[in-house]
Every structure is written in C-alpha cells, then in structure tokens.
Amino acid sequence: MISDLLSSLNEQQRAAVTAGDGPVLVLAGPGSGKTRVLTHRVAWLVSEQRIAPWRIMAVTFTNKAAREMRARLEQLLGQDLRGLAIGTFHAICVRILRREAPAIGLNPEFNIFDETDQLAVVKRALEDLKLDEKRFRPQALRSTISKAKNEMIAPQEYTARTYWEEVAGRVYSRYQEILQANSALDFDDLLMQTVLLFRQAPAVRAEYQERYQHILVDEFQDTNSAQYELVRILCGRWRNLFVVGDEDQSIYRFRGADYRNVLRFREEFPNARVILLERNYRSTQIILDAANAVIAHNLHRTPKRLHTDRGQGPSITIYEAYNESDEANYVVEQIRRLSESGAAPLGGCAVMYRTNAQSRALEDAFVAAGMPYRLVGATRFYERREIKDLLAYLRVVHNPNDDVSLGRILNVPPRGIGAQTVNTLDAWAGANAMSYVTALRRLKAGEDGPFTNRARAPLLRFLDLLEGWIDASARLTPAQLLDRILDQSGYTPFVRDGSEEGEDRWANIQELRNVAAGYNGLAGEEGAGPRAALGAFLQEVALVADVDALSDEADAPTLMTLHTAKGLEFPAVFITGLEEGLLPHARALDDPDQMEEERRLFYVGITRAREYLFLTHAFRRRVFASDETAARSRFLDDIPNRLVQGRGARERQEAARAALRRETTWTTGGTGRAVAWAPGQQAATASTLAGNGQQAAPRGSQFAPGDRVRHALFGDGVVISTSLTTDDEEVTVNFAGRGVKKLLASFARLQKL
DNA sequence: AAGTTTCTACTTTTT
DNA sequence: GTAGAAACTT
C-alpha cells in the first residue's frame, strides 16, 4: 500500500520521503508539496522502517497543521498513532514541561501567560523597582525580554551596553522572579525552560534523546535560537533530523526567527543530505514568474527557480484605488465577478493585507454589498475582555498562586474591593513574600493584616467563593465549573446589562463554554480527571492561533494578514494596500534586512494564489484620524509588465488617453463621491481608474448573440447578448439546465463551439 | 467605591 | 476613531 503512496510523488519528493538515516534538509519552494513530503515521510517511517509512532516527533507551525497531519496519517496508515508527538514547538514543550516540571523546581500546574499578562508583570516589575513607565515603556521592555529569551539569554547573562539596557536587565530579573512566584511561564519560557531542563537534567535529556529516534521540523526557516537548540539537543542520540524550509518564506524575524538557522544546520551537519523541491504544483506560470521576479531582489538567499507545467494562466491585475473604501469596493466587486463567472467560488477567494487595521474598510464593503466573509484574526477571540476575565477565574482555580489573574478578577464584577484595598493587599503580600491567595487565607485564619474593617468583608467573601470553586474543580468538568463561576461570581448579570454589546459578549461566553465542553477529562491519554481536563483546556486556549479556527467549509471569501496566510492557498488572491509605508511597512524603510523581510512577505502572498492575482493600492488612505496620500509600493515595480493586464507600453498610452477624455466627468467607481483628480497626476496609473478596475484597452467583440459556447463549470450554452465595457466584454449566456449567467470574457474563458 | 467624563496612545506581523 | 487609562464627580 505504501508503494502506491510513493508512486504519487515526483522524484525529488520521493528522494526526500525515503531518505535514509541521518540529517536531511529539504529546501522546498512554495507549492512544492512539502506538507505532503512531511506526512509521507512519517508514514514511510512507520510502515516501511517499522519505527514505532511514539518514537517520532513532528513539529508543525500551527495546531491546525498538526491536526491535519495526524488525520491524514491515520487515513494513510489506518492505524492508531497514539504517542506520535505532533504539534507546535510550544505545544510539545508544554507537554514535556508538565511532565518534567519537578526536575527544575517548577509547579506542574503552571499557568501560561500571554502578552497581556506579560505586560502586567512588566508593570509590576517597574513598580517594584520604582521606575517610571514613561521612560521605560512596558511594551519595549516586554519585547526586549522576549528577544533575550528567544536567544536563550537568562537574566544573569544579560549584558547591557546602554543605561536603558542596564535597566532592562534589572526589569528582566524582577520579571522572572514574579513569574516564578506566580508559578507561571510566558510563551518564550515554554521554549527556553525546556532547553534549560535538558541542559540541567542529564537523565531527563537522555531519556528524551533515546525516545525520539526521528525528529521532523516544518517551516524550519522560522525557528528561533531556542527552538534550534531544542531540536539540536533532542536529535543528539540518533541524529535523524529532517527539516523542511524555504528561506524565502521566512517572515517571523520579529519574534526571533532567523532563516540563517538553515545555514547553521548545514554547517553543524555537514553530512546532511540536501534535497531541493523546485517544482510547483499550485500556481500558474505567470504567478510564479511574478514571485520569482519579486524575490530575486533579495540579496541574502540561494537563488532558485520555481517552475510549473500548469500553463500561463490569466494575467495579474493591478488596481489603483482612490482611497481605502474604493479599494475595498473594488475587491468585493471583483470577487463577485469571479464567482458569478464561475472562475472561482467565493470560498476560493482570499483578501490579504499587511496590518489587521486594514480589515475594517474591507469588512464595511463586504457588509454593504451583502456578501458574507470570514475574518481571521483582528480582535482575537481569546483577547476579548469577557473571555480573558473568565479565563482568569479558571486560571486562578487551576493555579491559585497566579496573582496576575487573581488581580484581574478580584473586583470584576465590582464587589467592593477597590483600588485602595488591592494596593493594601499587594503591599502586604509583597512584604511577606506570599501570594495574594495566601494573604487572603491568613486573613481568614484570623489575622487582621493592614486592612480596614470595611475592606475585610468583601475580601473574605471573595475567598470563600474561590475556595468553593477550587474544591469543586476536583469533581466538575471545566464547562460545569465555568457555569458555576458565572452563576456565583455575578458575572452573568454583569455582562448582560441589556445592551446589544452585552448580548454579543454573552454570546462570546457561550462560545467559550462550547470549547470548554470539549474537555471532560474522561478518557484522554494525558491523564484523566477534572483537574487534568482543566489544565488541558487552559493550555489549549493559551496556545491557539487564529488560523487554527479557520474552517474550510463556509463558502465565503477569507480576510487575513499576510502572516496568517502562510501555508494556505486559494484560486484567487487579492493583496491590498501595496503602498510605501504599508507594504513595505514604514518600520522597514530604513533597514535593508527588514526590507528583505517585507519582500518575503509579499512573496508569500503572491505564491498563495493558484490562478488569479489582484494587487491593489490606494491613492489616499486613512491612517488613524488623518487622510494621507500614499505612493505605490516599490514592490509593484518589480513585477514585469508582460505579466500584468494592460501594462504593456501600447496599452498604457491608449489607456492614458482614455483617462484624459474622461477626466471632466470622472467620479470614483466605489465611493460614489465625486473626486477631484488633477489632470496628469499619476497619469500612468490613471488607466487603472478608468472603467471599473480592469485596465486592458478596449478590444473588439469576441462573441455575438447566437454563438454556442462552452464553460468549464456551467457546460454548454448559447450567447444571448454581449456588451463591451471599457475594458472587457460582458457576455450573457443561457446554459443548458443552468439558466442565464452573465460572464466576463476575460475571466470565464469561454470556448466557442 | 463606583460611575462618568476626558485624555491618550495606538498600528506591524504571532506562537 | 477607538479602547483603555487617568482624572474627576457622586
């Protein structure tokens, strides 16, 4: 059966899948089937090499990818893959740390702190050290600390070269102490502490090294130092490290990723087998040519040439909008045309942008047009206030030492524990080196503490509630526990205040409850019982990515950032906001390295497209309150004219002339508002504004009423009527059994019979 | 202590 | 133009 599977692979893919023992580096261009290679490699190891699933570790970039790989493997092998370690670096590390926590003096029921929690800890550290938040911005400190951890630099190893860094070092130390006192780890700790565990506990290290006979890592170009170190240690016994990556798709430098880990791998494993996958199965030649032309500008890369035998395909469309709402309307309009012409289903269209803030104008346009859409990211579900509040309740129950979570909910909903009381509690707990909950318990045991009589009662009432929940957590499932908390804390009436927004928040809470209901602690290999279920639920929730929740079912266009688009593919892709300052982002303009990363980001976006690629930019754009004009992105100039609709010299001349003729009466297509447009301004791009977005020069009619035509999706039909628009031909066709459809000649690719 | 109004920083990207 | 913090009132 496995030979059948191998027969579906090309030569390079098969070489990678069946590579023998030892280190292997697969350099895989976009769309070259690297996920397939990874999956088949595991399948091959299990079925042909007789490697037990539990001796294999596969690291993916998202939880979704992990789920899909496991499902695919079970399908391929038809066998139980229990024990096979598949997951993100973070998820795998959590599992290891929960099990081995005692070896490094860690509470196994540690909580995981997200960015908001980290910020709260930084602020407390600043307060403890009597430092000014204005001079030492918590956000900047947080990112400095994170960067240090990604590079495996402990607080005591942190060396400062400036005064600011000297302060940052002290904040880092205090920050780490606070985490420890809270029995909490932040995202970066998950990686760093696992490496430290392996460094400090040789017996534990040896056990894991012995167990994992094969280690596979996807998206290797986006690993950071800590992750690199982790796999380097883990493969120490067997040296069977199989990594797949593409330096051109490295887009996570800001979180410590370094594509040079690919080079480092080649140096440290000089005997590694290197396999190149250059054949692309996804995109048309035109799209690949554009991608190649864009990425060729980057200096720090190994040149490679993607190729396909999928044919030329339709030209790329570049559209200059007047402003962001015109851009959004254009996108919606084009998606409608694509779907009505049968060129791409709604669900096959994706709209991508550099920053989440750009989604708003797009959403407005989709709503106004009555077109459904799926939004990935933006205000993330788990960052909503009501969700964070309730998770804080659960986290305190899971780990009562978590002062950050406790502080969050102490007076939410308001229960008479005001700022003054919280300050007093904090000072008292701090002075005695105890957690808040310990302080409250001492209060209950009869100690007076520094509190006024009036403050004591609400504190004790709160502690009673909390103790009740901790007690209940031994018996109730996470969902039942959540219900009890909602009921007893008064949170339900607190959110459901009668406002529409309140009902939205309540709906979010119901959604959270649904997720919690998936964790009942019954079977599960990871240890049964309600407490374990609570831990599993909180861990899952802490590590989810937005794409993880992206379902493939709904037939609606997807809106997302270029970053979240990595690893996905769509028949039709729109990349919006191609403007200097946005893509490339303003923060990259004066840094060549960051500029290269922006270019890679654009490259990733382009290569998501299978067939249709639309690149848009706006002449004006609202950035926070003010309206600013934006120059078209330099990246657009990298795309050869021959790949772009209507960007040949002749067409440009003609279109410019057409635009000039139209100048006096011209209004924007999208906004409906009349727009003053200086003659001659942006003459070269004015062509894109003429007509409703298509920019090819007018041609003659290709079809006439009565023509019999064939369409890939709708079958055979007869042309009823045809009309020329400024840039295209709209053909109305009656299809046998499918009814009358309006199609655009340029998209529908009708075949005359 | 809680509710209301005013101010301010905010936009890179995310496990 | 908005969300969260700070300032101010009840």
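Below, chain A is the first sequence line, B the second, and so on; all start at residue 1.
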Would you indicate what [X] reaches in the nucleic acid, counting non-hydrogen atoms under 4.0 angstrom: base, sugar-phosphate, or nothing?
{"X": "A/Q594", "answer": "base"}
{"X": "A/F89", "answer": "nothing"}
{"X": "A/Q358", "answer": "nothing"}

Distance in angstrom units between [X] [atom1] and [N] [atom2], rounded:
{"X": "A/D218", "N": "B/dT15", "atom1": "CG", "atom2": "P", "value": "15 Å"}
{"X": "A/D114", "N": "B/dT15", "atom1": "CG", "atom2": "P", "value": "12 Å"}
{"X": "A/L601", "N": "B/dT11", "atom1": "CG", "atom2": "C1'", "value": "15 Å"}
{"X": "A/L119", "N": "B/dA9", "atom1": "CG", "atom2": "P", "value": "15 Å"}
{"X": "A/L589", "N": "B/dT12", "atom1": "CG", "atom2": "P", "value": "12 Å"}
{"X": "A/R142", "N": "B/dT12", "atom1": "CZ", "atom2": "P", "value": "13 Å"}
{"X": "A/I251", "N": "B/dT14", "atom1": "CD1", "atom2": "P", "value": "9 Å"}
{"X": "A/E580", "N": "B/dT12", "atom1": "CD", "atom2": "P", "value": "16 Å"}

Does [X] make a side-chain N or O approach to OP1 or OP2 of [N] shorter than 4.0 Å?
{"X": "A/N356", "N": "B/dT12", "value": "no"}
{"X": "A/T564", "N": "B/dT13", "value": "no"}
{"X": "A/T561", "N": "B/dT12", "value": "no"}
{"X": "A/R137", "N": "B/dC10", "value": "yes"}

Exercise. Is A/F254 stacked on the base of B/dT13, meaning ring centres closer than 5.5 Å and planes within 30 degrees of each other?
Worked result: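 Stacked: ring centres under 5.5 Å, planes under 30°.
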For this session: Taking Watson-Crick and G-U wobble pairs with both distances under 3.5 Å, convert DNA chain B into its dot-bracket string, 5' to 3', dots for unpaired and | for cross-strand pairs.
Result: ||||||||||.....
Exercise. Which residues satisfy the salt bridge (charged side-chain N to carboxylate O under 4.0 Å, His left out) test with A/R608, sequence neighbours excluded?
Worked result: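 Partners of A/R608 under the salt bridge (charged side-chain N to carboxylate O under 4.0 Å, His left out) test: none.
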Can you list the residues that meet the side chain to side chain donor-acceptor pair (under 3.5 Å) rule with [X], with sequence neighbours excluded?
{"X": "A/Q594", "answer": "none"}
{"X": "A/Q227", "answer": "none"}
{"X": "A/Y353", "answer": "none"}
{"X": "A/E100", "answer": "A/Y208"}

Exercise. Does one side chain, of A/S146 or A/D188, offer a donor that lies under 3.5 Å from an acceptor on the other?
Worked result: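 Yes, a side-chain donor-acceptor pair sits under 3.5 Å.
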For this session: Determine which pairs satisfy side-chain hydrogen bond (donor to acceptor under 3.5 Å, both in side chains) with at least one residue from residues 574-590 of chain A, sequence neighbours left out, and list them in order.
Result: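 Listed by first then second residue: A/E579-A/R621, A/E580-A/R634.
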Problem set entry | A/K34 and A/E219: CA distance, side-chain angles, deciding distance, salt bridge (charged side-chain N to carboxylate O under 4.0 Å, His left out) verdict | CA-CA 9 Å; A/K34 75 181 162 65; A/E219 306 280 11; 3.3 Å; yes
Exercise. Of A/A357 and A/R255, whose nearest nucleotide on DNA chain B comes first from the 5' end?
Worked result: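 Of the two residues, A/A357 wins.
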Problem set entry | Side-chain touch A/F89/A/T194, heavy atoms, less than 4.5 angstrom |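 No, their side chains stay 4.5 Å or more apart.
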Exercise. Mind checking whether A/F602 and A/S633 have side chains closer than 4.5 Å, heavy atoms only?
Worked result: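 In short, these two side chains do not touch, never coming nearer than 4.5 Å.
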Exercise. With A/Y212, which residues qualify under ring-ring contact (aromatic ring centres under 6.0 Å, His included), at least two apart?
Worked result: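 Per chain and number, A/Y212 pairs via ring-ring contact (aromatic ring centres under 6.0 Å, His included) with no residue.
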Exercise. With A/H563, which residues qualify under ring-ring contact (aromatic ring centres under 6.0 Å, His included), at least two apart?
Worked result: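 Listed in chain order: A/Y252, A/F254.
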Exercise. The side chain of A/Q420 lies closest to which of these nucleotides: B/dA1, B/dT15, B/dT11?
Worked result: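 Given the options B/dA1, B/dT15, B/dT11, the side chain of A/Q420 is closest to B/dA1.
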For this session: When you get a sec, tell me which of C/dG1, B/dA1, B/dT13 is the closest nucleotide to the side chain of A/R622?
Result: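 It is C/dG1.
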Exercise. Counting only distance, no hydrogens or angles, is the base of B/dT12 paired donor-acceptor with the side chain of A/H585 under 3.5 Å?
Worked result: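 No.
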Check: protein-nucleotides 2-7 of chain B nitrogen or oxygen pairs below 3.5 Å:
residue: B/dA2; atom: OP1; partner: A/G416; partner atom: N; Å: 2.7
residue: B/dA2; atom: OP2; partner: A/N411; partner atom: ND2; Å: 3.0

Exercise. When rounded to the nearest Å, what value does the distance between P atoms of C/dG4 and B/dT13 take?
Worked result: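 Approximately 16 Å lies between the P atom of C/dG4 and that of B/dT13.
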Report all side-chain donor-acceptor pairs from residues 127-143 of chain A shorter than 3.5 Å, counting only partners two or more places apart or in another chain.
residue: A/D128; atom: OD2; partner: A/R174; partner atom: NE; Å: 2.8
residue: A/D128; atom: OD2; partner: A/R174; partner atom: NH2; Å: 2.8
residue: A/D132; atom: OD1; partner: A/K134; partner atom: N; Å: 3.0
residue: A/Q139; atom: OE1; partner: A/R142; partner atom: NE; Å: 3.4
residue: A/R142; atom: NH1; partner: A/Q118; partner atom: OE1; Å: 3.3

Could you pull out the protein-nucleic contacts involving nucleotides 5-10 of chain C (nitrogen or oxygen on both sides, under 3.5 Å)?
none

